[in-house]
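Only one structure is covered here, and it is reproduced in the block below.
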Amino acid sequence: MAKRVFEVWKGSNKFILGGRFIFGPDARSLVVTLSLIIVPVVLFCVFVARHLRHEFSPYNAGYAILVVAILFTIYVLILLFLTSARDPGILPRNLHPPEEEFRYDSSASVEVGGRQTPSLQFPRTKEVMVNGIPVRVKYCDTCMLYRPPRCSHCSICNNCVERFDHHCPWVGQCIGLRNYRYFFMFVSSATLLCIYVFSISALYIKVLMVDNHATVWKAIQDSPTSVVLMIYCFISLWFVGGLTGFHLYLIGTNQTTYENFRYRAENRINVYNLGCVKNFKEVFCTKVKPSKNNFRALAQEEEPPPRPVGRATAREATGGEEDSGGGNPRPKVQDDLEIGEDLLKISQRRNVEEMDDEIRCRGSNGGAPHNTSDVESVLSSDHHRAATVRDETRHSSWGRRSGSWEIAPEVLVNSTVTERRSFSSSKET
């Protein structure tokens, strides 16, 4: 039975409802975040807002305090869900490295058999133009693609995310191109909710002091929950309020959290800054791009990677035959040794023929018969040379893949010199 994309997903994400919603691997932290929002609001509605329903007569405006608290909390929870349960901008992985990015460097080519075999090169980085300024992008070995500008690989989710800002453990999801707007709205709305609960709780303390003609301490004793909520909201404001201010600065300068820390450390200029107004429009007034992943679609079966053209060129230059990539490299090594031995045998046989012709010429001219020792010395030197070249050929060929062998340059040089000597001697004869 064919599986769907979310069932064979290689990232660390978690899916629910058949791949309709995607979360990060630390989605359990959402339980803590939900409790930090819901529990204080419930206490506020029960112990504070409920007692203020009839304080603002004759229109019972006190009910508005309770309704606003409930509706605003629901709004914050919806923003939290939109931030953590959607695709943040994940780039689909490639099944194989981009073949069009392979290039062949002729400067590093090797001359084999009179032909040039270019060496295969794979660039790890490349430059793209952003607002007229070149920006270097890197190759991701995990996703097997060149990351677009402002894209980074999240080590927690194990995905490349467009316009990667950071991975937020409080929402259990990466913050990127498709959910950054909702993340900022969630943080800023949580800040407003803290201010609202803090203000109404302080108002309730004031109402108790007026109605009972009591002091502050007496009012605190009458409603200790209001004081606890005020302390909690004051502490929370330091976190969500500070985070809201920091992201307002990032939006105004068109930066991400990741870029802010990286550029500040490397003293790099920001090529994405379009001006404060345009930067805010880019975040809040542009349409959210659709996801590049269909997690409910049927997964495609992985196909074997295409063979680079360079290997066929190398085999053609060396006269080799195409074979499967999983073959045993040992037979090819034996072929290398046999070719080297054949070339040496040819050179030895021609050397012996030349020495025989020279001895005969000397014999006819009255030369001494003890010149046969020259033949033995030549043969012994040739045998020594054969052993040496055979070792070098074995060393250069052993461990190479099938179809990528090369003949040692020493063998080619020796065979070429011997052929030239034999050719010249034959012409003289």
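Heavy-atom basis, side chains included; hydrogens, waters and symmetry copies ignored. Treat the numbers as computed from the prediction; the structure is a model and nothing was measured.
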Can you confirm whether the side chains of T256 and D165 place a donor and an acceptor under 3.5 Å from each other? no

Please step through side chain to side chain contact (heavy atoms under 4.5 Å, CB included) for the pair Y75 and S189, ending with a clear verdict. CA-CA 8 Å; Y75 171 70; S189 299; 3.2 Å; yes

Between N293 and V5, is a side chain to side chain contact (heavy atoms under 4.5 Å, CB included) present by the stated rule, with each step listed? CA-CA 9 Å; N293 301 279; V5 173; 5.9 Å; no

NZ or CZ of K126 within 45° of Y146 ring axis and under 6.0 Å: yes

Got a second to check how far L229's CG is from F234's CZ, nearest 0.5 Å? 15.0 Å

State, to 0.1 Å, how close P92 and L145 come at their nearest heavy-atom pair, and which atoms those are. O-CD2, 3.3 Å

Check: Y232 ring centre within less than 6.0 Å of F198 ring centre: no

For V283, is there any backbone N or O sitting under 3.5 Å from a side-chain donor or acceptor partner on R181? yes

Short question: side chain of R50, backbone of F47 - any donor-acceptor pair under 3.5 Å? no

With heavy-atom distances below 4.5 Å as the criterion, would you say the side chains of F21 and F81 are in contact? yes

Do V135 and M129 have side chains that approach each other closer than 4.5 Å (heavy atoms only, starting at C-beta)? no

Donor-acceptor contact present, side-chain T125 to main-chain R136, <3.5 Å: no

If we only count heavy atoms from C-beta on, is the F44 to T225 side-chain gap below 4.5 Å? no

With a 4.0 Å cut-off, would you call D141 and R124 a salt bridge? yes

F15/F295 aromatic ring centres below 6.0 Å: yes

Are V67 and F72 close enough, and set up right, to give a side chain to side chain contact (heavy atoms under 4.5 Å, CB included), and what steps lead you there? CA-CA 8 Å; V67 173; F72 202 75; over 6 Å; no

Got a donor-acceptor contact below 3.5 angstrom from the N94 side chain to the M144 backbone? yes

Apply the test side-chain hydrogen bond (donor to acceptor under 3.5 Å, both in side chains) to residues T191 and T244: give CA-CA distance (whole Å), side-chain angles for both, the deciding distance (0.1 Å), then the verdict. CA-CA 8 Å; T191 302; T244 301; 3.1 Å; yes

Can you name the closest pair of heavy atoms from P25 and S12 and give their distance? CB-O, 3.3 Å

Are P148 and V137 side-chain neighbours, meaning at least one heavy-atom pair lies under 4.5 Å? no

With a 4.5 Å limit on heavy-atom distance, are the side chains of L52 and I200 in contact? yes

Compare every heavy atom of V41 with every heavy atom of A69, then report the nearest pair and how far apart it is. O-CG1, 4.3 Å

For H153 against C140, the heavy-atom pair lying closest together: ND1-SG, 3.6 Å

Is the positively charged end of R150 above the ring of Y272, judged by distance under 6.0 angstrom from the centroid and angle within 45° of the axis? yes

Lys NZ or Arg CZ of R163 over Y180 ring: under 6.0 Å, within 45°: yes

Just so I know, are the side chains of R147 and F164 near enough to count as touching, which here means a heavy-atom distance under 4.5 Å? no

Looking only at side-chain N and O atoms, does N179 offer a donor or acceptor that is under 3.5 Å from a partner on Q173? no

Give the minimum heavy-atom separation between V48 and S226, together with the two atoms involved. CG2-OG, 3.4 Å

Quick one: are the ring centres of F183 and H247 less than 6.0 Å apart? yes

With distance as the sole test, does R93 use its side chain to make a donor-acceptor pair with the main-chain N or O of C160 at under 3.5 Å? no

State the OH-CG distance between Y182 and L82, to the nearest 0.5 angstrom. 6.0 Å

Begin from the C-alpha positions of L298 and R4 and carry the test side chain to side chain contact (heavy atoms under 4.5 Å, CB included) through to its verdict. CA-CA 4 Å; L298 296 178; R4 299 188 182 274; 4.2 Å; yes

For S223 versus Y204, what's the shortest heavy-atom pair and its separation? OG-CE2, 3.3 Å

Only one of T253, L250, N270 forms a side-chain contact (heavy atoms from CB on, under 4.5 Å) with N260, so which one is it? L250

Within 6.0 angstrom of W9 CH2, more than 12 heavy atoms from elsewhere: yes

Would you check if V161 and L177 make a side-chain contact, meaning some heavy-atom pair closer than 4.5 Å? no

Would a distance-only check, ignoring hydrogens and angles, find a side-chain to backbone donor-acceptor pair under 3.5 Å from S29 to P169? yes

In this structure, CD1 of I90 is separated from OG of S291 (nearest 0.5 Å) by 7.5 Å

Passing candidate, side-chain contact (heavy atoms from CB on, under 4.5 Å) with C174, options C168, S152, P88: P88

Any carboxylate oxygen within less than 4.0 angstrom of a Lys/Arg side-chain nitrogen, looking at E162 and K292? yes

Using modelled atom types and a 3.5 Å cut-off, is there a donor and acceptor pairing between side-chain atoms of S35 and backbone atoms of V32? yes

Quick check for you: to the nearest 0.5 Å, what is the distance between S236 atom OG and I231 atom CD1? 11.5 Å

Could you check whether atom CZ of R28 has more than 12 heavy atoms from other residues, nucleotides or ligands sitting under 6.0 Å from it? no

Kindly check if the number of other-residue, nucleotide or ligand heavy atoms within 6.0 Å of CZ (F246) is above 12? yes

Euclidean distance, R20 CZ relative to I22 CD1, rounded to 0.5 Å: 14.5 Å

Taking the six-membered ring for Trp and the single ring otherwise, decide whether the centroids of F184 and F284 are under 6.0 Å apart. yes

Using a 4.5 Å cut-off on heavy atoms from C-beta on, say whether the side chain of V171 contacts that of L80. yes

Supply the atom-to-atom distance M230 CE to S199 OG, rounded to the nearest 0.5 angstrom. 8.5 Å

